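Just so it is clear, the model here is predicted, and its values are computed rather than measured. Just so it is clear: chains get the letters A, B, ... in the order the sequence lines come, proteins before strands, and each one is counted from 1.
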Number of protein chains: 2
Amino acid sequence: MANIQQIARKAGVSVATVSRVLNNANLVTPQTRSKVESAIKELNYEPSMLGRNLRNSESRLMLVLLPSISNPFYNEIINGIQNTAIANNYNILLCETDSKAERENIYLNMIKNKLADGVISMDPTINMEKLNELAENHPVILCSEYEEGGSIPYITTDSELAAYQAVKYLIQLGNEKIALINSDEKFLYARLRRAGYERALKEFNLPIRDQWIYHTKDLEFQDGVQAMRMLLQLEERPQAVFAVSDTLAIGALKALNSGVQAFESIAVVGFDNISFSNMTNPTLTTVSQPMYKMGCLAANMLMSSIKGEKVENIVLDHELIIRESTMG
Amino acid sequence: MANIQQIARKAGVSVATVSRVLNNANLVTPQTRSKVESAIKELNYEPSMLGRNLRNSESRLMLVLLPSISNPFYNEIINGIQNTAIANNYNILLCETDSKAERENIYLNMIKNKLADGVISMDPTINMEKLNELAENHPVILCSEYEEGGSIPYITTDSELAAYQAVKYLIQLGNEKIALINSDEKFLYARLRRAGYERALKEFNLPIRDQWIYHTKDLEFQDGVQAMRMLLQLEERPQAVFAVSDTLAIGALKALNSGVQAFESIAVVGFDNISFSNMTNPTLTTVSQPMYKMGCLAANMLMSSIKGEKVENIVLDHELIIRESTMG
DNA sequence: CTGAAAGCGCTAACAT
DNA sequence: ATGTTAGCGCTTTCAG
């Protein structure tokens, strides 16, 4: 592998000039430029990012933290981040924390170690104390999950409103007994979606029953299956279910399909509009967030932050996608 | 941000000693070590990977190329790669090519630029010519998709055999008219799975009908839906379907569910055992590959290759997982 | 417009 | 056991 010195020697110029050509500085004569360019071609030279990065003290890498890569909710967001990053000469380091503090530490250290220039966290389980500390000296953006009243810039959607609208839709369909399949309420989004659920019920003077609110351990399909099974065993069965994620909702559909059959149909609404939600039987009514856009904007926010600019929080719009699971 | 010099000064030692402490060289007295360690703590020092990487001329990053992050087939493989990488002080740069040559180039350049130490490619659409050229001077491993008779080390499973066994199973269930939903046969796995399909049919003297072999454009759910719709429109309908991926098979199930109803049931077998395959209605019979293990081993192969060791190809075992979609 | 030279932060001979 | 020093490959002042 040739280095910049060898190019300089071959082209009969100084390394500074080679560097200028490499970086498209416009203060190089066309002649010198072409001399350098042919030397580069001849020696098959590729500039080393290692040297450049040290010199510029940047890695042009952004860390993207998420709890699990297998949650399809994150796919489109990641796409958005990645495309935006690449367009700006950045790359992303996708990191799964598995919701483990140990992993999280490794990754956050990569920022301190200058292996990455900043971080976009989509991990609701992240230790906010540590993240806040990191954010004092390094660029950090929260995407989707955020901290109420915190100081780290975030981009998100209005979970409370979306949940409110979803449940209101179920009510307007004629349902009065509406269950909530929620995840752990240690997560902000879970608290917000519950709040939206309750707001809708209250508005229509419907009872909020503890037994209709089920908390799952995780966000896997299987958790949704289990939740629905429990709800079906109640003496007073709900007529409709709002699940705070599509994976849970799809699990609920599964339990409805296989566990019981041919009785009063139970409407189901999910949240996220993952691609599989359109492949289930019945297809799933769900809340869609502009995930790709969210990813793009999150990346932009991070790059601004890296440049030292101040960035504002963003709240994006959502949309209720009506499909078969609420069609009776 | 403190650097190694400041630590050295603060601790009253040389930078070399600090470096030794950092790298756990055991030729440092406990006393000096603790002096250094307290200086590190006091100044809140974190060693810069930028300097270390340049010095060691390594990035400790491995590139992982895949066509699309939203294909759930890759999830467990990536998990395996990532866990193995982290355990060995590596990190992974997950790169989606979107099957675009332009993207591919950017990523392969990252290797030449020393931004990554090697690459694991899982992208069937990759330009093998370029990859081979890269492999002459850089560590490259193929995972899942490989090149027959090529010189790049690979890890994979026996697609032909797996397909043969899956189709044989359908035959033994009493099916005689068996369709194949294949992807583009420019991909090796597609050719191999077709070969296995044909071998099984031939062995049982069953006809191979062109109209029962459908080629999809992509591997999305929607391609499977479309394929199944076509097959259902045939005068002579197949009794069973083997799809070369779960996403296609799930699309096929969808078409069976919604398009037609209450007639002779059509058995469906998929390939990959993605997590959704257990959530469909009916659940999907499919071929399971040890994806996590494949990822771990691929990472190990790459690390060996980076060390300059010779690595052998690996062919892992698969397994047919029987579920409801073939239960009549 | 181009070159000389310093230096980014670190590791590893080599010397003591 | 510890220190001195060169240098990884690059960019960027500063001179000319």
Rounded to the Å, how far apart are [X] [atom1] and [N] [atom2]?
| X | N | atom1 | atom2 | result |
| --- | --- | --- | --- | --- |
| A/Asn113 | C/dT11 | CG | P | 11 Å |
| A/Asn53 | C/dG7 | CG | C1' | 16 Å |
| A/Leu22 | D/dG9 | CG | P | 14 Å |
| B/Leu50 | C/dT11 | CG | P | 12 Å |
| A/Tyr45 | D/dC10 | OH | C1' | 7 Å |
| A/Arg60 | D/dT11 | CZ | C1' | 14 Å |
| B/Gln5 | C/dC10 | CD | P | 9 Å |
| B/Glu58 | C/dG9 | CD | P | 19 Å |

Is it true that the side chains of [X] and [Y] contain a donor and an acceptor less than 3.5 Å apart?
| X | Y | result |
| --- | --- | --- |
| A/Tyr74 | A/Ser68 | no |
| B/Tyr189 | B/Ser183 | yes |
| B/Asp123 | B/Ser121 | no |

Task: Residue whose closest nucleotide on DNA chain D lies nearer the 5' end, B/Thr17 versus B/Ser57 - done: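 Upstream on the strand: B/Thr17.
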Open item on the list: Show me the pairs that pass side-chain hydrogen bond (donor to acceptor under 3.5 Å, both in side chains) and involve residues 28-37 of chain B, at least two apart or across chains.
Closed with: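 Sorted result for residues 28-37 of chain B: B/Thr29-B/Thr32.
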Open item on the list: Test: side-chain hydrogen bond (donor to acceptor under 3.5 Å, both in side chains). Region: residues 77-94 of chain A. Which pairs qualify, not counting sequence neighbours?
Closed with: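 As it turns out, the side-chain hydrogen bond (donor to acceptor under 3.5 Å, both in side chains) pairs with a partner in residues 77-94 of chain A, which skip direct neighbours, are A/Glu76-A/Asn79, A/Gln82-B/Tyr107, A/Asn83-A/Tyr292, A/Asn83-B/Arg103.
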TODO: Dump the intermediate steps for salt bridge (charged side-chain N to carboxylate O under 4.0 Å, His left out) on B/Lys130 and B/Glu104, then the final yes or no.
DONE: CA-CA 10 Å; B/Lys130 276 196 187 134; B/Glu104 198 180 292; 5.4 Å; no
I want to verify a distance call: between [options], whose nearest atom is closest to the [X] side chain?
| X | options | result |
| --- | --- | --- |
| B/Asn3 | C/dC10, C/dC1, D/dG9 | C/dC10 |
| A/Val13 | C/dT2, C/dG3, C/dT11 | C/dG3 |
| A/Leu54 | D/dG9, C/dT2, C/dC10 | D/dG9 |

Open item on the list: Can you list everything that forms a side chain to side chain contact (heavy atoms under 4.5 Å, CB included) with B/Ser14? Sequence neighbours excluded, please.
Closed with: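 Side chain to side chain contact (heavy atoms under 4.5 Å, CB included) list for B/Ser14, sorted by chain: B/Ala16, B/Thr17.
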Would you tabulate the nitrogen or oxygen pairs shorter than 3.5 Å linking the protein to nucleotides 12-16 of chain C?
| residue | atom | partner | partner atom | Å |
| --- | --- | --- | --- | --- |
| C/dA12 | O4' | B/Arg55 | NH2 | 3.3 |

Task: A/Arg52 vs D/dG9: side-chain N/O to OP1/OP2 distance below 4.0 Å - done: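 No, outside the criterion.
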TODO: Tell me whether the OP1 or OP2 atom of D/dG3 has a side-chain N or O from B/Ser14 closer than 4.0 Å.
DONE: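 Answer yes for this pair, as a side-chain N or O of B/Ser14 is under 4.0 Å from OP1 or OP2.
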Open item on the list: I'd like to know if B/Lys100 pairs up with B/Glu102 as an ion pair, taking the criterion as any Lys NZ or Arg NE/NH1/NH2 lying under 4.0 Å from an Asp or Glu carboxylate oxygen.
Closed with: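 Salt bridge: no.
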Open item on the list: Under 4.0 Å, heavy atoms only, any strand: does A/Ile4 hit a base, just the sugar-phosphate, or nothing?
Closed with: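 Base contact.
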Under 3.5 Å, which donor-acceptor pairs do the side chains of residues 46-56 of chain B form with other protein atoms, sequence neighbours left out?
| residue | atom | partner | partner atom | Å |
| --- | --- | --- | --- | --- |
| B/Ser48 | OG | B/Leu50 | N | 3.0 |
| B/Ser48 | OG | B/Gly51 | N | 3.4 |
| B/Asn53 | ND2 | B/Met49 | O | 3.1 |

- [ ] Kindly state which residues belonging to residues 30-42 of chain A come within less than 4.0 angstrom of DNA chain D, counting heavy atoms of the residue only, listed by number.
- [x]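 Contacts with DNA chain D under 4.0 Å: none.
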Task: Non-hydrogen side-chain atoms of B/Val140 and B/Leu134 separated by less than 4.5 Å - done: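 The answer is yes, as the side chains (C-beta and beyond) meet within the 4.5 Å cut-off.
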